[in-house]
Amino acid sequence: MTVTLVPPPAPHVARTARPLDVLGVPGQVNLDYAATAPCARAAADAVAELLPWYASVHRGAGALSRRCTLAYERARQTVGDFLGARADDHVVFTRNTTDALNLLARALPAGTTVVTFGGEHHANLLPWPRGSVRLPVPREPAEAVRALAAALAELRRPGPGGDHRPPVLVAVTGASNVTGERWPVAELARVARRYGARIAVDAAQLAPHAPVDAAALDVDYLAVSGHKLYAPFGAGVLVGRGDWLDAAPPYLAGGGATSHVGAATHDVRWATGPARHEAGTPNLLGAVALAAVCAALVEADRAALHKAEQALLARLRRGVAALPHVVELRTFGPEAPRVGIVSFVVAGRDSADVAAELAGTHDIGVRDGLFCAHPLARRLLDEAAARSGRRDLPPTALRASIGLGSTAEHVDRLLAALAALA
């Protein structure tokens, strides 16, 4: 549907002077941003402003529907610009990163080989077809680049049938949800290009902390979750090359995904573009909330935000290192670049019990478990035991993660509580 009329102005809603302030509950220390970030004021305000107008998208001629359709498509443009979408890319709204990567997995051409690393979140391990290649977890970023080059060289070696080149997709995280360590995405993309492969990046953990630009990184697909990007209204996005997406059957079959449905059972022509994979009533509020946060981050001083977060992260890691009964988990060296995530174990204490005590006694929220990255987390727990020489480490870990609403007081409260556990 083409929107040609400008809808009436929205009712006035007072705006905060600080759109990247986050909502929270006084007294509660939220150090679980990596699971779900709190709601930014920009997202809450955008939803509150649109709610009186809430109506159907792409399916109505009334003023409310026209305003909502315009808001939804503007949100698509804003999110696409924020993530560096190119002119021929599609920006498809999904539920979250997991949904976005499952959509991409459904759209792969027949015979595609997917290459991943063992350090991925389950969302970037489980959707891929049988026959995918899973490379070992590297000990340093440069080792990841070398391992990918070797794997792609082997996959591209001519077989008995000659130089047949089936599609290859490299799927890698931008930043680990277990350790926060950043992966060498640009270098991995250059290797993929050298061997004629495409690359998809799980940017769920990277995008809230650093600019992510598909064009600048030269990656083919990006997947992002709104609920990790301060817009917890159930929206995610897949940004990337339109050819595979337009050639694939719709992710969902239904209204909005078609350009024609005839009387015969299979007389269907599917739409092209994002609509092909967005059947049904879209998540308007989620899209608008995500776009509002993206717009606020574009206007913000990202360098200053990064500097402040890195100072808090260093404070947290120094404090953890000073506790003799606490051991940090890491994949790469201790100085590897990372976002605001620290995972650790408390020797001699069950991680679930520690998390419960932090919550019940100290009003501190952290995550415990294996963080939906079981192969990596188990490997890092074994490595932590070997590195520390301790035999009393638990089989699961704890994770503290920080973001826009985190303060030095929050970090210090956690460190004091961990010290009291000794």
Side-chain angles (χ1 to χ4, degrees), residues 10-54 71-72 74-75 78-79 82 93 95-97 177 180 203-210 224-237 283-302 304-306 308-309 311-313 316 339-342 355 358-360 362-367 399-414 417:
H12 176 72
V13 177
R15 291 275 185 177
T16 176
R18 301 179 64 179
L20 290 178
D21 285 349
V22 301
L23 309 185
V25 177
Q28 293 293 321
V29 175
N30 181 1
L31 294 175
D32 198 17
Y33 280 58
T36 291
C39 183
R41 175 56 62 186
D45 285 350
V47 169
E49 181 177 300
L50 189 60
L51 272 175
W53 294 88
Y54 183 77
Y72 186 69
R74 282 179 172 171
T78 299
V79 173
F82 177 75
F93 282 116
R95 293 182 301 159
N96 45 49
T97 303
N177 76 303
Q205 298 297 341
L206 183 58
H209 301 277
V224 169
S225 284
H227 74 97
K228 298 188 190 296
L229 198 56
Y230 306 97
F233 291 87
V237 68
N283 181 359
L284 168 65
L285 298 181
V288 167
L290 178 55
V293 176
C294 291
L297 284 169
V298 167
E299 294 298 319
D301 185 342
R302 298 295 298 272
L305 293 176
H306 176 76
E309 180 186 284
L312 276 183
L313 177 61
L316 175 56
V339 301
I341 296 172
V342 178
L358 290 173
H362 303 279
D363 293 328
I364 298 172
V366 298
R367 173 81 184 275
R399 183 182 68 191
S401 48
I402 59 177
L404 291 176
S406 302
T407 66
E409 179 192 358
H410 295 162
V411 169
D412 292 346
R413 281 180 61 177
L414 172 64

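Quick caveat: nothing in here was measured; it's all calculated off a predicted structure.
- The NE2 atom of H306 sits 9.5 Å away from the CG atom of L313 when rounded to the nearest 0.5 Å.
- Contact check for Y230 versus V22: side-chain heavy atoms found under the 4.5 Å cut-off.
- Identified under the salt bridge (Lys or Arg N to Asp or Glu O under 4.0 Å) test for residues 283-302, with sequence neighbours left out: none.
- Across all non-hydrogen atoms, the minimal contact from L20 to L305 is CD1-CD1, 4.2 Å.
- T36 places no side-chain N or O within donor-acceptor distance of the main-chain N or O of H227, the cut-off being under 3.5 Å.
- Note that CG of L312 is 7.0 Å distant from OG1 of T407, once rounded to the nearest 0.5 Å.
- The distance from the CG atom of L404 to the CZ atom of R18 is 10.5 Å, given to the nearest 0.5 Å.
- Closest approach of P38 to L23, counting heavy atoms only: CB-O, 3.5 Å.
- No side-chain heavy atom of Y33 sits less than 4.5 Å from a side-chain heavy atom of P208.
- Scanning all heavy atoms of the two residues, the minimum distance from L284 to Y54 falls at CD2-CD1, 3.9 Å.
- The ring pair (Phe, Tyr, Trp, His ring centres under 6.0 Å) check on F233 picks up nothing, with sequence neighbours excluded.
- Looking at every heavy atom in both residues, V47 comes nearest to L285 through CG2-O, 3.9 Å.
- Minimum heavy-atom separation, G226 to L290: CA-CD1, 3.9 Å.
- Contacts classified as salt bridge (Lys or Arg N to Asp or Glu O under 4.0 Å) and involving residues 227-237 (residues at least two apart or in different chains) are not found.
- Taking both residues in full, the closest heavy atoms of L229 and C294 are given as CD2-SG, 4.3 Å, listed atom of the first, atom of the second, then distance.
- Using a 4.5 Å heavy-atom cutoff, the side chains of L414 and L316 are in contact.
- Contact check for Q205 versus I341: side-chain heavy atoms found under the 4.5 Å cut-off.
- Between V224 and F82, the closest side-chain pair of non-hydrogen atoms is not below 4.5 Å.
- Residues meeting the salt bridge (Lys or Arg N to Asp or Glu O under 4.0 Å) test with R95, sequence neighbours left out: D99.
- The side-chain contact (heavy atoms from CB on, under 4.5 Å) test applied to A359 returns no partner, not counting sequence neighbours.
- At distances below 3.5 Å, not a single donor-acceptor pair connects side-chain atoms of E309 with backbone N or O atoms of V339.
- With rounding to the nearest 0.5 Å, the separation of CD1 in I364 from CZ in R413 is 5.5 Å.
- Taking D32 as the reference, N30, A35, R367, R399, S401 meet the side-chain contact (heavy atoms from CB on, under 4.5 Å) condition, with sequence neighbours excluded.
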